[in-house]
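First comes the structure, then the notes that go with it.
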Amino acid sequence: MAAIGMDVRGVKKRLGRNQALAGVDLNFEPGLLHGLIGPDGAGKTTTMRLLIGLLRPDQGAVVFSRAGAAVDFSAVRPGMAYMPQRQSLYADLSVGEHLDFFSDLYRLPPDVYRPRREELLQITRLDKFVDRPAGQLSGGMYKKLGLMCALLQSPNILLLDEPTNGVDPISRREFWDLLYRLAADGEVTIVVTTAYMDEAERCARVHLLDAGRTLAQGEPRALLRAEGVSGFDALFLKREGAVR
């Protein structure tokens, strides 16, 4: 089945007194690993919550498509997985108990769950820590557990809100290796938010946000060449100055 694409078209969203998004246009091409890049307060989490349906736009629309044809959100939602920025796991439940819990939540048949469970434990290298409570995991291991719980249902769209925030460099690299593996077959559309500019170049497509506005988007190296800069810190500052 063809991967799903997402278009954010002229979206505005106010949260209280804050204009979180001020007319954002974003194109998430199907089957690619996308980076939603920007500092705190840029509008990254608001965008993710709009994509997953937790929020609705005040103006504009989020449009989903498969093979170039529009798809209704109700048909897309069961195949979406969202890993929020804040800790959302249960400290007293072990790694294995979390997987069992989410399997029940997703209503996975045993013959689907068992091999999927073992595959994910092997990929994340958490197979030796099945009995360890989530509250006793390192930051990197905790994020891997969250990713496993999101992947149990084999989603078509995977939304990860700052999954590497506060994670040590080695765990960050391992996490990105996992994402590359997931993105390799082109069947899953992945969106990762991050404030780390060095992670922008790890993505197939990047989307820079600041103060609720789109600064730039496209293939990382092509963007850097077009702007005549050597890195995304410089590109961000250049575009930020142009907007303001």
Determine yes or no for a side-chain-to-main-chain donor-acceptor pair under 3.5 angstrom, with [X] supplying the side chain and [Y] the backbone.
X	Y	value
D58	R14	yes
Q153	M80	yes
K44	G38	yes
R9	A61	no
Q217	D25	yes
R225	G228	no
Q19	A22	no

In terms of hydrophobic clusters joined by side-chain contacts under 4.5 Å, are [X] and [Y] together?
X	Y	answer
V62	L36	yes
L21	F73	yes
M141	L182	yes
I157	L32	no
L55	V63	no

Should [X] and [Y] count as side-chain neighbours, where that means a heavy-atom distance under 4.5 Å?
X	Y	result
I37	L215	no
K13	R49	no
D100	Y113	yes
L160	L179	yes
T214	H207	no
M148	H98	no
Q85	M48	no
L145	T124	no

Considering all heavy atoms, the nearest [X]-[Y] contact:
X	Y	answer
V206	P220	CG1-CG, 3.9 Å
R132	L137	CD-CD2, 3.6 Å
V167	G140	CG1-CA, 3.9 Å
P163	T193	CD-O, 3.6 Å
P110	P115	O-CD, 4.2 Å

Roughly how far apart are [X] [atom1] and [Y] [atom2], rounded to 0.5 Å?
X	Y	atom1	atom2	answer
T194	D161	OG1	CG	10.0 Å
D168	F175	CG	CZ	12.5 Å
F236	E227	CZ	CD	13.0 Å
L89	F101	CG	CZ	10.0 Å
T45	L50	OG1	CG	11.0 Å
L151	K144	CG	NZ	13.0 Å

Distance under 6.0 Å and angle within 45° of ring axis: R202 vs Y196: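 No - R202 does not lie over the ring of Y196 by the 6.0 Å and 45° rule.
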F102 and Y106 aromatic ring geometry - parallel, tilted or perpendicular at 30°/60° bounds: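 Plane angle between 30° and 60°, so tilted.
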Measure the acute angle between the ring planes of H34 and F28, then classify it against the limits of 30° and 60° as parallel, tilted or perpendicular.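 Ring orientation, 0 to 90° scale: perpendicular.
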How about [atom1] on [X], more than 12 heavy atoms from neighbouring residues, nucleotides or ligands closer than 6.0 Å, or not?
X	atom1	result
D104	CG	yes
R77	CZ	yes
R56	CZ	no

Once side chain to side chain contact (heavy atoms under 4.5 Å, CB included) is applied, do any residues pair with D127, and if so which ones, sequence neighbours excluded?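 Only L121, Q122 meet the side chain to side chain contact (heavy atoms under 4.5 Å, CB included) criterion with D127.
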Could you walk me through whether S94 and D131 pass the side-chain hydrogen bond (donor to acceptor under 3.5 Å, both in side chains) check? CA-CA 5 Å; S94 69; D131 297 324; 5.2 Å; no
Test side-chain contact (heavy atoms from CB on, under 4.5 Å) applied to M6 and N27, L159, L26, V76, the passing residue: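 For M6, the side-chain contact (heavy atoms from CB on, under 4.5 Å) check succeeds only for L159.
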For R116 and L108, run side-chain contact (heavy atoms from CB on, under 4.5 Å): C-alpha distance rounded to whole Å, both residues' side-chain angles, the deciding distance at 0.1 Å, then the answer. CA-CA 10 Å; R116 185 64 173 162; L108 298 179; 5.7 Å; no
